[in-house]
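Here the structure is laid out as structure tokens; the discussion comes afterwards.
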Amino acid sequence: MKLSVIIPVYNVEKYIEECLDSIVKQSVDNVEVICVNDGSTDNSLKVLQEYEKKYNYIYVYSKENGGLSSARNYGIERATGDYIFFLDSDDIWLPEKLKEQIKFINKPDIAIVFSNYEKINEAGKRAAREIIAPPLVDYYQL
């Protein structure tokens, strides 16, 4: 099973390294990371290109700015995985995030899997927490 992680990127040079590091630390094989530079005017593209050189499963694409949905759709068109995950460029995943998600994917008749999240403010403190279902993931059945 191959997983595609799509990350729309727009002017997030301040956050993108931490985001990509959280994916690199996942303990799952057969993953492609598709970063869609959506017309960034800061150094986001440069950071992405450094990661693309370092990791053979990170792919960087650039397009004119079209917004979040446009960038996600652009990534979907290039994805080759059996399953697609979306990650915002200013977000990070816990180390075992994908492994936990895969447990639910392998159940029959699962249509979508989603996760809890925490918002962390600029000072690094928890600002909000959305509890969907303990512990980390939930799913919808067909």
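All residue numbers in this chain count up from 1 along the given sequence. All values below were derived from every heavy atom in this structure, side-chain atoms included, with hydrogens, water molecules and symmetry-related copies excluded.
- In this structure, Ser62 and Leu45 have side chains that are in contact, with non-hydrogen atoms separated by less than 4.5 Å.
- Judged by the 6.0 Å distance and 45° axis criteria, Arg78 is positioned over the aromatic ring of Tyr61.
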Next item on the list: With side-chain contact (heavy atoms from CB on, under 4.5 Å) as the test, would you mind laying out the steps for Ile34 and Ile7 before giving the verdict?
Entry: CA-CA 6 Å; Ile34 299 171; Ile7 307 173; over 6 Å; no
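- Looking at Glu32 and Ser4, their side chains do bring a donor and an acceptor atom within 3.5 Å of each other.
- No donor-acceptor distance shorter than 3.5 angstrom exists from the side chain of Asp38 to the backbone of Pro8, with no hydrogens or angles considered.
- With contacts defined as side-chain heavy-atom distances shorter than 4.5 Å, the pair Val28/Gln101 does not qualify.
- A donor-acceptor contact under 3.5 angstrom links the side chains of Thr41 and Asn11, judged on distance only.
- Cluster annotation: Val60 is connected to Tyr15 through the hydrophobic network of ILVMFWY side chains, with a link wherever side-chain heavy atoms come within less than 4.5 Å.
- A donor-acceptor pair under 3.5 Å is formed between the side chain of Gln26 and the backbone N or O of Ser22.
- Among Lys46, Lys54, Glu52, the single residue meeting the side-chain contact (heavy atoms from CB on, under 4.5 Å) criterion with Glu50 is Lys46.
- Ion pairing between Asp88 and Arg72 holds under the 4.0 Å rule for side-chain N and carboxylate O.
- Screening Asn30, Asp82, Thr80 for a side-chain hydrogen bond (donor to acceptor under 3.5 Å, both in side chains) with Lys2, the sole residue that qualifies is Thr80.
- A continuous path of hydrophobic side-chain contacts links Val31 to Ile16 [ILVMFWY only; heavy atoms under 4.5 Å].
- A side-chain donor-acceptor contact under 3.5 Å links Ser40 and Asn37.
- With contacts defined as side-chain heavy-atom distances shorter than 4.5 Å, the pair Phe85/Leu3 qualifies.
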